[in-house]
J.: 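Pasting a structure below so you can have a look.
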Number of protein chains: 4
Amino acid sequence: MARRYDPERRQRIIDAAIRVVRREGIGGLSHRSVAAEADVPLGSTTYHFASLDELLVAALRQTNASFSDTVFRNVRLDDPDRDLAADLARALGQWLAGDRGTNELEYELYLAALRKPVLRPIAQEWVASVTEALARRVDPATAHGVVALMDGVSLQVLLTDREYDEAYARTMLGRLLAGADGAAGAPDGGETGSPADPVAG
Amino acid sequence: MARRYDPERRQRIIDAAIRVVRREGIGGLSHRSVAAEADVPLGSTTYHFASLDELLVAALRQTNASFSDTVFRNVRLDDPDRDLAADLARALGQWLAGDRGTNELEYELYLAALRKPVLRPIAQEWVASVTEALARRVDPATAHGVVALMDGVSLQVLLTDREYDEAYARTMLGRLLAGADGAAGAPDGGETGSPADPVAG
Amino acid sequence: MARRYDPERRQRIIDAAIRVVRREGIGGLSHRSVAAEADVPLGSTTYHFASLDELLVAALRQTNASFSDTVFRNVRLDDPDRDLAADLARALGQWLAGDRGTNELEYELYLAALRKPVLRPIAQEWVASVTEALARRVDPATAHGVVALMDGVSLQVLLTDREYDEAYARTMLGRLLAGADGAAGAPDGGETGSPADPVAG
Amino acid sequence: MARRYDPERRQRIIDAAIRVVRREGIGGLSHRSVAAEADVPLGSTTYHFASLDELLVAALRQTNASFSDTVFRNVRLDDPDRDLAADLARALGQWLAGDRGTNELEYELYLAALRKPVLRPIAQEWVASVTEALARRVDPATAHGVVALMDGVSLQVLLTDREYDEAYARTMLGRLLAGADGAAGAPDGGETGSPADPVAG
DNA sequence: AATGAATGAGCATTCATTCAT
DNA sequence: TATGAATGAATGCTCATTCAT
């Protein structure tokens with residue numbers, strides 16, 4: 001009875017859901033946990049979101065995709081003289097140095113999309129945003145490879161709790177980028193004939 | 001019922017758990033679902049495994065880690081003349097061509113390990129088994145990089161339902177391997193000085 | 001939305017309610033299901049009908065009472081030379097051959113009227129309309145008996161999914177009608193002295 | 001914690017369910033209402049019955065089918081000299097004079113079976129038990145007709161809250177029975193040629 | 001050693017109704 | 001007048017775990 005008329009209600013529920021997932025993981029998201037976090041009656045969460053999945057999608061779509069944000073902040077894609085591998089390795093380091101909950105949130109979405117098809121478009125958008133940005137500097141296949149490598153490196157860091165090794169990441173990224181179309185001295189590009197965009201949708 | 005004295009009981013429960021996770025994901029694992037799948041009384045599952053997590057660990061530890069199996073079957077690590085990148089790319093293709101449930105099972109472990117520390121050692125073992133095997137041919141850092149790239153590529157294939165492009169994978173793997181210590185003509189390995197083993201356990 | 005000023009709104013809600021009950025039964029009737037079916041805002045249903053029961057009554061009162069309609073269409077009550085039993089048996093067959101949902105709708109009203117007194121007058125009206133019409137040809141007690149028999153026969157057909165047997169129905173109806181006051185050769189009407197109208201409202 | 005180990009638990013839940021349906025109708029049956037009535041924890045009701053329908057079936061199957069009981073108690077089927085119509089009319093009167101809740105319980109099941117196929121076998125059994133017993137005295141078609149008429153008469157009494165008129169029922173039943181195969185002076189049996197058992201399954 | 005029974009907590013979801021606008 | 005928002009109660013059901021036997 002108390003808090004009738006709360007025009008920001010819907011948004012507050014989304015924000016609460018993000019905090020819950022960050023703290024407890026996707027498995028910890030329930031109408032109840034969200035209602036408690038948002039200090040809102042239980043019925044309110046089902047009123048604004050027809051199903052939990054709908055709420056989850058709304059919440060995840062709103063997360064700023066901090067990974068890609070970090071990349072964009074750290075990488076000067078329009079300056080062809082910059083050491084792209086170094087920029088990317090530094091970006092990865094910055095992202096991994098951030099809040100562990102945030103990292104997990106993002107990665108958990110990524111992996112949860114395996115089982116929940118509704119989440120796939122979101123995950124794909126995230127990947128695409130970075131890939132497309134990289135494609136301004138390198139050929140699309142290399143862009144995909146770079147993103148794959150960054151994903152794999154992040155996963156290993158998160159799963160092992162070990163320190164991120166920026167030098168190692170820079171080395172590996174450098175090797176991928178060295179072979180990109182147009183890069184000087186690409187050592188193995190010739191024989192494989194790296195296709196234009198082998199994984200484009 | 002009447003199936004007292006069943007020395008295989010414990011094993012049968014584990015097998016059932018694997019089938020359940022493969023089919024429904026970790027979220028579908030419960031004492032009940034496992035008991036039904038194993039055709040065993042409910043109490044039996046709690047008798048043999050003090051908690052669900054314990055059962056989950058037992059089940060995952062037993063999965064053959066089909067990814068590493070496939071790698072080992074397809075890659076001739078002891079023959080330095082083989083095209084390692086091609087072997088790895090083919091292995092990846094074989095794994096991804098297998099049962100989707102199996103692929104997801106393995107990746108879901110990664111997801112769960114993010115939030116359940118008890119699962120991390122298992123995930124780490126899987127990674128380590130491949131990394132260490134690769135380290136017989138290349139330096140440890142490159143081995144890690146290769147595994148990271150393969151993880152990332154697999155993830156993208158699973159998340160996008162797009163076809164796996166073996167040529168693309170071979171190209172990218174080739175670039176990483178070309179820079180490995182001791183590899184002939186590694187063009188960019190020299191300047192980065194690839195650290196001994198930055199992420200070894 | 002934007003459909004303000006819709007003078008037919010109330011009627012459209014009633015029509016939607018009938019469709020819902022026909023399809024899903026009374027148990028499926030809710031403000032929400034009706035609002036969705038009528039393509040009308042939720043609040044509209046509670047605005048026009050103070051309670052669900054009120055809506056239910058309005059809906060049921062409007063159903064054409066297809067049973068009595070069918071009877072009236074098939075039976076020539078004003079022609080004393082017609083074989084009334086045959087007409088009624090045919091009418092019953094026609095009704096039962098119709099849409100199962102419609103049959104159930106009408107019978108479900110009976111069910112609901114058992115527990116919801118507000119619905120009883122409607123059910124009684126339906127019965128009365130047929131009984132009174134029949135009373136133009138036979139004494140009221142026989143009219144009631146005929147309606148009771150038809151109800152019983154319908155119920156058994158609906159409950160058993162068995163084929164309706166028109167010859168059987170005609171036989172049984174014929175026996176009831178043969179004993180009616182004024183009927184030629186009523187063999188057992190005399191001794192019981194069929195009361196004037198033992199169940200008339 | 002208090003009442004562990006209650007070997008009659010399952011039966012007590014069934015009994016409570018019957019009381020609830022008797023009092024509040026099938027619509028009033030819920031895990032919660034039954035748990036409260038049986039003074040048993042909520043989880044207990046779902047433990048013993050996998051679904052509400054299962055509980056409903058168990059409860060209804062156990063009701064003694066008081067209608068057929070009453071018939072069997074009042075009708076001497078093996079004495080061909082008894083006035084069968086009078087016996088049946090009296091039985092119907094006794095049943096209707098009983099507890100209203102019990103009457104409704106039985107009839108509600110009957111009608112609920114329209115929408116819930118799981119209930120149909122029970123309803124059919126009830127009908128069959130009376131029909132088969134009657135068939136020891138009259139041809140099967142007449143037996144079906146008699147049961148249909150009794151059903152219809154009961155329905156009208158329950159729906160109108162009016163007094164049951166035994167003389168009227170005896171008259172109508174008498175007309176049906178007078179036409180039965182083998183009955184002396186069956187007035188209309190000849191022309192219709194009443195089939196052997198037109199509604200047998 | 002093994003298990004059926006038990007139970008309290010929690011789950012997603014539906015709902016009739018109220019009410020501020 | 002009309003309605004979107006709100007909410008507390010209830011629903012069927014699942015579950016991990018405990019425990020008496």
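Below, read A as the first sequence line, B as the second, and so on, with proteins coming before strands; counting in each chain starts at 1.
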J.: Name the one of A:Leu29, A:Val20, A:Ile18, A:Ile13 that satisfies side chain to side chain contact (heavy atoms under 4.5 Å, CB included) with A:Glu37?
T.: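 Of A:Leu29, A:Val20, A:Ile18, A:Ile13, side chain to side chain contact (heavy atoms under 4.5 Å, CB included) with A:Glu37 is met by A:Val20 alone.
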J.: Could you check how far CD of A:Gln11 sits from C1' of F:dA5, rounded to whole Å?
T.: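 Computing the A:Gln11:CD to F:dA5:C1' distance gives 17 Å.
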J.: With a 4.0 Å limit, can you tell me whether C:Tyr47 has a side-chain N or O closer than that to the phosphate oxygens OP1/OP2 of F:dT3?
T.: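 Negative; the distance criterion is not met.
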J.: Who does E:dA1 pair with, Watson-Crick or G-U, both distances under 3.5 Å?
T.: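 Pair assignment: E:dA1 / none.
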J.: Whole-Å distance between E:dG4 P and D:Arg10 CZ?
T.: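 Distance, rounded to whole Å: 15 Å.
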J.: C:Asp39 has an atom CG; how far is it from atom P of F:dT3, in whole Å?
T.: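 Computing the C:Asp39:CG to F:dT3:P distance gives 12 Å.
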J.: Output yes when at least one side-chain N/O atom of C:Ser30 is less than 4.0 Å from OP1 or OP2 of E:dC15, else no.
T.: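 Answer is yes, contact under 4.0 Å.
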J.: Looking at E:dA6, I'd like to know if its phosphate oxygens (OP1 or OP2) sit under 4.0 Å from a side-chain N or O belonging to D:His48.
T.: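 Result: yes.
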J.: May I ask you to say what A:Leu55 touches in the nucleic acid, namely base, sugar-phosphate or nothing, with a heavy-atom cut-off under 4.0 Å?
T.: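 Since no nucleic acid heavy atom lies under 4.0 Å of A:Leu55, the category is nothing.
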J.: Does E:dA9 have a Watson-Crick or wobble partner in any strand here, with both distances under 3.5 angstrom, and which is it?
T.: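 For E:dA9, the partner nucleotide comes out as F:dT14, under the 3.5 Å rule.
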J.: Test your reading of the model: is there a side-chain donor-acceptor pair from C:Arg22 to the backbone of C:Leu105, 3.5 Å cut-off?
T.: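 Side chain of C:Arg22 to backbone of C:Leu105, a donor-acceptor pair under 3.5 Å: no, none is there.
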J.: Return no unless some side-chain N or O of B:His31 is found under 4.0 Å from OP1 or OP2 of F:dA16.
T.: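 True: B:His31 side-chain N/O within range (under 4.0 Å) of F:dA16 OP1/OP2.
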J.: On DNA chain E, nearest-nucleotide positions of C:Ser51 versus A:Phe49: which is more 5'?
T.: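 Final value for this comparison: A:Phe49.
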J.: Under 4.0 Å: is that the gap between some side-chain N or O of C:Arg9 and OP1 or OP2 of F:dT3?
T.: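 Looking at the OP1 and OP2 atoms of F:dT3, one of them is under 4.0 Å from a side-chain N or O of C:Arg9.
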J.: Counting only side-chain heavy atoms from C-beta out, which of F:dC13, E:dT17, E:dA12 sits nearest to C:Arg32?
T.: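 So the side chain of C:Arg32 is nearest to E:dT17.
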J.: Which is true for A:Thr46 with a 4.0 Å heavy-atom rule: it touches a base, it touches only sugar-phosphate, or it touches nothing?
T.: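 A:Thr46: base contact, heavy atoms under 4.0 Å.
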J.: Can you tell me the base-pairing partner of E:dA20? Count Watson-Crick or G-U wobble geometry only, both distances below 3.5 Å, and say none if there is no partner.
T.: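 Answer to the pairing question: F:dT3, which forms a Watson-Crick or G-U pair with E:dA20.
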J.: What's the verdict on side-chain hydrogen bond (donor to acceptor under 3.5 Å, both in side chains) for C:Thr160 and D:Arg120, showing C-alpha distance, side-chain angles and the deciding distance?
T.: CA-CA 7 Å; C:Thr160 57; D:Arg120 288 204 194 147; over 6 Å; no
J.: Taking for each residue the nucleotide of DNA chain F bearing the nearest heavy atom, is the 5' side occupied by D:Leu42 or by B:Gly43?
T.: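 Going by which nucleotide is closer to the 5' end, it is D:Leu42.
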J.: Using whole Å, what does the distance between atom C1' of nucleotide F:dC15 and atom CD1 of B:Ile26 come to?
T.: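 In whole Å, F:dC15 C1' lies 17 Å from B:Ile26 CD1.
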J.: Check whether any side-chain N or O of B:Ser44 sits under 4.0 Å from OP1 or OP2 of E:dT3, and answer yes or no.
T.: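 Affirmative; the distance criterion is met.
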J.: Please report the C-alpha distance between B:Leu119 and B:Arg61 in whole Å, then the side-chain angles of each, then the deciding distance to 0.1 Å, and finally whether the side chain to side chain contact (heavy atoms under 4.5 Å, CB included) criterion is met.
T.: CA-CA 9 Å; B:Leu119 298 181; B:Arg61 194 169 286 288; over 6 Å; no
J.: Determine the minimum heavy-atom distance between B:Ala59 and B:Ile14, stating which atoms define it.
T.: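 Closest heavy-atom pair between B:Ala59 and B:Ile14: CA-CG2, 3.8 Å.
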